[in-house]
Enquirer: 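The structure under discussion is supplied below as structure tokens; questions concerning it will follow.
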Amino acid sequence: MITQAQVRIQPARWQQELARGIADPHELLRLLDIAPASLPERVLLDSPFLMKVPHAYAARMRRGDAGDPLLRQVLPIDSETHDVPGYVADPVGDLQAEAVPGVLRKYRGRALLITTGACAIHCRYCFRRVFPYSGSHAAIDRWRAALDYLRGDPSICEVILSGGDPLTLGDAKLAELVQELDDIPHLARLRLHTRLPIVLPARIDDGLLAWLRRSRLQKVVVVHANHANEIDDEVAEALRRLHAAGVVLLNQAVLLAGVNDDAGALGDLSEAVFAAGVLPYYLHLLDRVAGAAHFDVEISRALQIMDKVRATLPGYLVPRLVRELAGSPSKVPAELLDGRDLAIVSTS
Ligand code: SF4
């Protein structure tokens, strides 16, 4: 007879892939046939923001290419240690926007839940790379404080699940949360900000689609892809499955030096995501987080690049170039930034 202790629930395929993520930069370089000495910069082996890369994502990097745009997004390098004025721990004012632990209020009608600090991949430019997640995520008390807050404010019609990456949480936990959100009458929309469909497409499985379909809320999933090479057949299939489940799909990207800072790369990205049923939404200017200055693209150059993108693509494939400014009631279109952007830098 099999006892309770002998019964083991097999982790889902995506959970196994998540656990096997590559954490050693030298292992990643070995897989890609790249000698560390051939890189223009020293690889960081002791970054407090550890490297983390799913094998499914590494498989899309070009062998032997030290300048691969996907590799650049994840490989810790010496530039991260440079102290650059204006680059700070919390560039978008997350801490000052916290209403209760794990709930951020920035924009009218919307509330953002920090659901977890975990991600499947560690993007070196991430604006939350030094966010103090331990005390500030909404799952900490089984969502109680967050749900009480949402119930108490009828002006909130949209809840955004963010993180970290909300889809690193298991389906039971997410289904429980979404069931509670369904029961709050003034909520109309559920939005998820996630990079998992791109970096770990196995996450879009039947278990996830089941609770998404069950919810009465309108569903929007904002994925995060920065380069057309991130969209392979498995990613496209995952996105199509979300689309077929009635989810509105949008993409937000970050304009990153050495990754996608030319009109050709951005055009290819728009075409690739749209072919998979996703509309380009935002292209963010880099959030000036400490350790990410080497990814910055000057606004004047960014605007020139966007002029070229507009000249080659239909309007619906052109994302809005924006910057998030701490305390602003909305994202700010790059062409309206004027001196406001520089004022933030000089006072940081
Ligand atoms: S997946 Fe998103 S939250 Fe996670 S490290 Fe990358 S940019 Fe940051």
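We count ligands from 1, going down the list as the structure has it; atoms in each ligand are counted the same way.
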Enquirer: Are D171 and R203 close enough for a salt bridge, meaning some N to O gap below 4.0 Å?
Expert: yes
Enquirer: Just do the salt bridge (Lys or Arg N to Asp or Glu O under 4.0 Å) check on R60 and E230 with the steps written out, would you?
Expert: CA-CA 7 Å; R60 293 170 231 154; E230 295 179 3; over 6 Å; no
Enquirer: Identify the closest protein heavy atom to atom 2 (Fe) of ligand 1: which residue and atom is it, and at what distance?
Expert: H224 ND1, 4.3 Å
Enquirer: Check this for me, if you would: do R128 and E324 make a salt bridge, where the nitrogen-to-carboxylate-oxygen distance has to be below 4.0 angstrom?
Expert: no
Enquirer: Could you tell me which residues satisfy side-chain contact (heavy atoms from CB on, under 4.5 Å) with T116, sequence neighbours excluded, listed by chain and number?
Expert: A118, T168, L169
Enquirer: For the pair D153 and R105, find out whether any cationic side-chain nitrogen is under 4.0 Å from an anionic carboxylate oxygen.
Expert: yes
Enquirer: Under 2.8 Å from atom 4 (Fe) of ligand 1, protein N/O/S atom count?
Expert: 1
Enquirer: Do you see a donor-acceptor pair shorter than 3.5 Å between the side chains of D296 and Y125?
Expert: no
